[in-house]
Amino acid sequence: MSQVFERYERQYCEISANLSKKCTSANALDGEQKKQKLSEIKSGVDEAEALVKKMDLEARSLPPNVKSSLLVKLREYKSDLNNFKTEVKRITSGNLNANARDELLEAGMADKLTASADQRSRLMMSTDRLGRTTDRIKDSRRTMLETEEIGVSILQDLHGQRESLLRAHETLHGVDDNVGKSKKILTAMTRRMNRNKWTIGAIITVLVLAIILILYFKLTR
């Protein structure tokens, strides 16, 4: 919930409680005292109405999911304010006789003020519940952000490991190429060695035959 709205709401609840007390006391006054008290009530009603307008503007500037719940509360505040305006008109008119006024105070107004008090109590309970819900939402959002940070860290680690694996694969590929080249070189060397063996063997054979022929011709003379 908006802190600005909460501040206006607390101010309104304080003014509303004071207005209830002043309306109750004004009904028991006469003459100048009643006029003075009525003036104080009208000033309080004007101040309460200004706060309701501020709460309305603040609520409509908030996101839709928050605004909807605040507008519900705001309708209850407006209803409470209308009750005070009606009470001011009733006190101002002064056309009720003493018996009717006493009966109204004992019955209708007592019920209305009691209803207003109950309504304010419900509003405060709703405010507390909404505050707790807001705290839970903030905790959930904080947890989600922490989870997101952990996920980003894991992805970065996996990306680093992937690059390491790619470099290792490239290294192994280079090793395979070198092994293949070495194998080809060794094969060629083996072939050359085999050819040299055959060549040396042939030369030795020729030399042996030549020696045998030389010895044969010398012995036969």
Side-chain angles (χ1 to χ4, degrees), residues 1-29 32-96 100-101 104-146 148:
M1 188 189 298
S2 170
Q3 293 181 353
V4 176
F5 187 93
E6 289 180 346
R7 185 173 68 252
Y8 292 151
E9 186 178 36
R10 286 194 297 270
Q11 293 174 1
Y12 178 84
C13 290
E14 291 175 359
I15 294 173
S16 179
N18 289 330
L19 285 174
S20 296
K21 295 177 182 178
K22 289 179 180 180
C23 288
T24 302
S25 62
N27 288 303
L29 299 176
E32 291 299 326
Q33 291 181 346
K34 186 173 184 178
K35 289 181 181 180
Q36 183 178 358
K37 185 65 67 175
L38 186 59
S39 177
E40 293 176 1
I41 293 172
K42 288 181 179 179
S43 177
V45 169
D46 292 338
E47 188 176 356
E49 187 172 14
L51 286 172
V52 168
K53 290 180 180 179
K54 290 179 180 179
M55 284 191 286
D56 193 359
L57 292 174
E58 178 65 20
R60 295 183 186 279
S61 67
L62 297 174
N65 59 333
V66 180
K67 179 175 67 176
S68 58
S69 61
L70 295 183
L71 290 178
V72 172
K73 295 176 62 177
L74 196 58
R75 283 196 293 270
E76 296 183 359
Y77 290 138
K78 289 179 179 180
S79 176
D80 184 57
L81 181 62
N82 288 331
N83 289 337
F84 285 122
K85 290 181 178 180
T86 302
E87 176 63 8
V88 170
K89 291 180 181 178
R90 191 197 64 77
I91 296 174
T92 304
S93 64
N95 58 355
L96 295 175
R101 184 179 60 192
L104 183 61
L105 286 172
E106 292 174 358
M109 283 307 302
D111 293 340
K112 185 179 292 184
L113 293 176
T114 301
S116 297
D118 292 341
Q119 188 179 50
R120 282 190 293 276
S121 178
R122 289 195 300 271
L123 288 174
M124 293 303 294
M125 291 176 62
S126 299
T127 301
D128 292 339
R129 285 196 297 270
L130 187 58
R132 289 194 294 270
T133 301
T134 302
D135 292 338
R136 287 196 295 271
I137 291 173
K138 289 180 180 178
D139 291 338
S140 299
R141 186 177 298 174
R142 183 166 54 253
T143 302
M144 185 171 62
L145 290 175
E146 292 175 354
E148 184 178 355

### Message
Exactly one of Asn27, Thr92, Ile41 should register a side chain to side chain contact (heavy atoms under 4.5 Å, CB included) with Glu87. Which one does?
### Response
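The single option meeting the side chain to side chain contact (heavy atoms under 4.5 Å, CB included) with Glu87 is Asn27.
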Starting at [atom1] of [X], measure out to [atom2] of [Y] and round the result to the nearest 0.5 Å.
| X | Y | atom1 | atom2 | result |
| --- | --- | --- | --- | --- |
| Lys22 | Ser39 | NZ | OG | 9.5 Å |
| Leu74 | Ser69 | CG | OG | 11.0 Å |
| Glu49 | Phe84 | CD | CZ | 13.0 Å |
| Ser2 | Lys67 | OG | NZ | 13.5 Å |
| Ser79 | Arg75 | OG | CZ | 11.0 Å |
| Asn83 | Leu19 | CG | CG | 11.5 Å |

#### Entry: Donor-acceptor under 3.5 Å (Thr24 side chain, Ser20 main chain)
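Yes.
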### Query
Is there a donor-acceptor pair closer than 3.5 Å between any side-chain N or O of Asn82 and the backbone N or O of Lys78?
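Yes, Asn82 side chain to Lys78 backbone: donor-acceptor pair under 3.5 Å.
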Do [X] and [Y] come within less than 4.5 Å of each other through their side chains, counting heavy atoms only?
| X | Y | result |
| --- | --- | --- |
| Asp80 | Tyr12 | yes |
| Glu58 | Leu70 | no |
| Lys37 | Glu40 | yes |
| Ile15 | Val45 | no |

### Query
Is there a side chain to side chain contact (heavy atoms under 4.5 Å, CB included) between Tyr77 and Ser16 once you walk through the steps?
CA-CA 9 Å; Tyr77 290 138; Ser16 179; over 6 Å; no
### Task
In plain terms, say whether Lys73 and Glu76 are close enough for a salt bridge, that is, a side-chain N and a carboxylate O under 4.0 Å apart.
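Here Lys73 does not pair with Glu76 in a salt bridge, since their nearest N and O are not under 4.0 Å apart.
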### Message
Quick test of your reading of the model: are Asp46 and Lys42 salt-bridged, counting only N-O distances below 4.0 Å?
### Response
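Judged by the 4.0 Å cut-off on N to carboxylate O distance, Asp46 and Lys42 do not form a salt bridge.
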